[in-house]
Amino acid sequence: MSYTKTFITVFLLLAGSAPSFSQYFTKLGISLDTRLMADIPITIADPNEPGLSGELLASQYPGRQIPTDAIELSFPEMTGATDTLAILWYLKPEEITAVDGEINVILAGIFPDNTVKYYIDSNNDRVFSRSEASFVFRSDEKSRLLRILVAGSYNEYTLMNPNYVVPVTPSEAIKASKSRWVATSRKPSVAIDISTSFGRGDANLSFAKTVRPSNTITYYADIPGSFRPSLAVDFSWFNFHLLVSGGYERIEYTNNIIVSSDGDNSTTYYNRGTWPNSKIFASLALEYDISVGRHLYLTPYGSFSLFRNDTRYDFDSWIGAPPDADYTDMHSSEYGAKVKVPVSPSLIMYVNLAYSTVYYNAEQYFENVVPGSYSMQQDGFYYGVGFNFRITGR
């Protein structure tokens, strides 16, 4: 059998071939929260070679009175393993005790994908039954607590992970991701952008009546909230982004009133006006990433949208509307900024804040409108969150 050399090297560097390798264990009679350091002899062997015994471990740790008896193993089911290693360690019930210790064997199966699976002989009888533990260390798992029968009682020992990778802190991960985005910013790339925005604002619509040109009719409404999900394709190069997107917006209106003004006289009517409360839209946006510190981008942007309003209702049920009435010239513009945080080489999260103006022509919903007197404006502030998944150029 040929060993997996990398695994052996790493394990021995951590374990040590001299009695300096430290394992944690819980001392008997003391709270489980109290742990002591103990130098535990440990070595690697080939479980398939003839003559496997404690001699290898004893010769490396003279003076420890480690038994040199032959070791015969009953192997567990290890289908698919390409290599097998035996980890021999000499365990005692306590660090300070006259009780002799015992050699315990852990089998490590190495699989084609370099996964290492550990098989634990919990009852220390050299027979690896299905009821005994087996596991694969996660890369960020520093150690695993084991209960092993030694000198007639079960004791807890900690097996260290030889392939342990110190977890990267969120700050370090973001910094590394930011560096990667900066390094690849000169490459053309394509990304998918998914975002959700929430907004609030107000709207007004006015016109003069031909029957009395001095009479101006103005509808007002507040917008306490709106919900706007969007999906975009993002083309970027040299920190410039061109986004082509589409989405849907649902809008809520309150405080709907109409004010009829004629000179110095005005009259207010409440609960008048049914504003279109949903629309689909297509947008074109341009933005530019400005690097801010080690972790963030500040991204100003502007966008222009065309949309289609929901036309299921008369604008004002009190006056009715022709059956073929429709909204025309529907467009909006938006200006704002995003704060972006690269969380991986292919993913950015961001929050955004923006100001938006909306215009559409609803003249067809009203009669006797003085030509050129119609005006309409809807203003709003939006805030939201989004995710940008880079597909190419990573």
Side-chain angles (χ1 to χ4, degrees), residues 7-49 51-76 84-109 116-129 131-137 141-164:
F7 173 79
I8 296 173
T9 301
V10 172
F11 198 99
L12 287 176
L13 283 173
L14 288 176
S17 58
S20 60
F21 177 59
S22 296
Q23 291 289 337
Y24 289 98
F25 75 101
T26 301
K27 186 178 179 182
L28 297 179
I30 299 179
S31 167
L32 292 180
D33 293 331
T34 303
R35 296 182 182 273
L36 298 177
M37 272 297 222
D39 290 331
I40 296 181
I42 189 168
T43 193
I44 303 295
D46 183 351
N48 297 298
E49 285 188 356
L52 178 66
S53 70
E55 178 61 35
L56 177 62
L57 190 58
S59 64
Q60 294 182 8
Y61 298 88
R64 291 295 188 101
Q65 297 182 344
I66 298 174
T68 59
D69 299 343
I71 297 175
E72 295 183 3
L73 302 175
S74 177
F75 285 77
T84 309
L85 300 174
I87 303 169
L88 280 59
W89 56 348
Y90 181 63
L91 305 178
K92 285 189 173 185
E94 298 184 47
E95 171 65 359
I96 304 173
T97 179
V99 177
D100 292 335
E102 297 179 8
I103 294 178
N104 179 258
V105 180
I106 297 174
L107 288 179
V116 180
K117 188 171 185 179
Y118 297 86
Y119 299 84
I120 309 303
D121 182 16
S122 300
N123 58 13
N124 212 7
D125 61 356
R126 312 288 167 82
V127 177
F128 293 84
S129 65
S131 62
E132 291 178 302
S134 62
F135 59 86
V136 175
F137 276 118
E141 187 178 7
K142 189 173 184 179
S143 60
R144 185 71 72 104
L145 190 67
L146 307 177
R147 296 189 77 246
I148 298 175
L149 183 65
V150 177
S153 61
Y154 280 94
N155 300 273
E156 292 184 338
Y157 303 87
T158 299
L159 179 68
M160 312 303 288
N161 181 3
N163 298 312
Y164 173 65

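Residues: numbered from 1 along the sequence shown.
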Return the minimal non-hydrogen interatomic distance between Ala86 and Pro47, and the atom names on each side. N-CD, 3.6 Å
Calculate, to the nearest 0.5 Å, the distance between atoms CD1 and CE belonging to Ile40 and Met160 respectively. 10.5 Å
Sequence neighbours excluded, which residues qualify as side-chain hydrogen bond (donor to acceptor under 3.5 Å, both in side chains) partners of Arg147? none
Would you give the length of the straight line joining atom CG of Leu146 to atom CG of Asp121, rounded to the nearest 0.5 angstrom? 11.0 Å
Shortest non-hydrogen pair, Ser134 vs Lys117, comes out as OG-CE, 3.5 Å
Ile87 side, atom CD1; Trp89 side, atom CH2 - distance, nearest 0.5 Å: 8.5 Å
Could you work out, with salt bridge (Lys or Arg N to Asp or Glu O under 4.0 Å) as the rule, every residue matching Glu55, not counting sequence neighbours? none
Heavy-atom closest contact (Lys92 atom, Gly101 atom, distance): CG-CA, 3.7 Å
Where is the tightest heavy-atom contact between Val136 and Arg144, given as atom of each residue plus distance? O-NH2, 4.0 Å
Does Glu132 reach the main-chain N or O of Asn123 with its side chain, forming a donor-acceptor pair under 3.5 Å? yes
Just verifying a value: how many Å separate Tyr61 OH and Ile42 CD1, rounded to the nearest 0.5 Å? 7.5 Å
Do Tyr90 and Pro67 have side chains that get closer than 4.5 Å, going by heavy atoms? yes
Locate the shortest heavy-atom distance separating Ala58 from Ile66; write the atom from each residue and the value. CB-O, 3.7 Å
Only counting residues at least two apart or in another chain, list the ones meeting side-chain hydrogen bond (donor to acceptor under 3.5 Å, both in side chains) with Ser74. none
OH on Tyr157 to CG on Leu91, rounded to 0.5 Å: 5.0 Å
Under 3.5 Å, side chain of Tyr119 to main-chain N/O of Ser129, donor-acceptor pair present? no
Would Leu88 and Leu56 count as a side chain to side chain contact (heavy atoms under 4.5 Å, CB included) if you check the C-alpha gap in whole Å, the side-chain angles of each, and the deciding distance to 0.1 Å? CA-CA 9 Å; Leu88 280 59; Leu56 177 62; 5.5 Å; no
State which residues pass side-chain hydrogen bond (donor to acceptor under 3.5 Å, both in side chains) with Asn124; sequence neighbours excluded, sorted by chain then number. Glu102, Asn104
Please report the closest heavy-atom contact between Pro93 and Asn155, naming both atoms and the distance. O-OD1, 3.6 Å
To the nearest 0.5 Å, what is the distance between OH (Tyr154) and OG (Ser122)? 6.5 Å
ring-ring contact (aromatic ring centres under 6.0 Å, His included) filter on Phe135, not counting sequence neighbours, yields Tyr118, Phe137
Under the side chain to side chain contact (heavy atoms under 4.5 Å, CB included) criterion, do Leu73 and Leu52 qualify, and how do the steps go? CA-CA 9 Å; Leu73 302 175; Leu52 178 66; 4.1 Å; yes
Taking only residues two or more places apart in sequence, or in another chain, which ones meet Arg126 in a salt bridge (Lys or Arg N to Asp or Glu O under 4.0 Å)? none
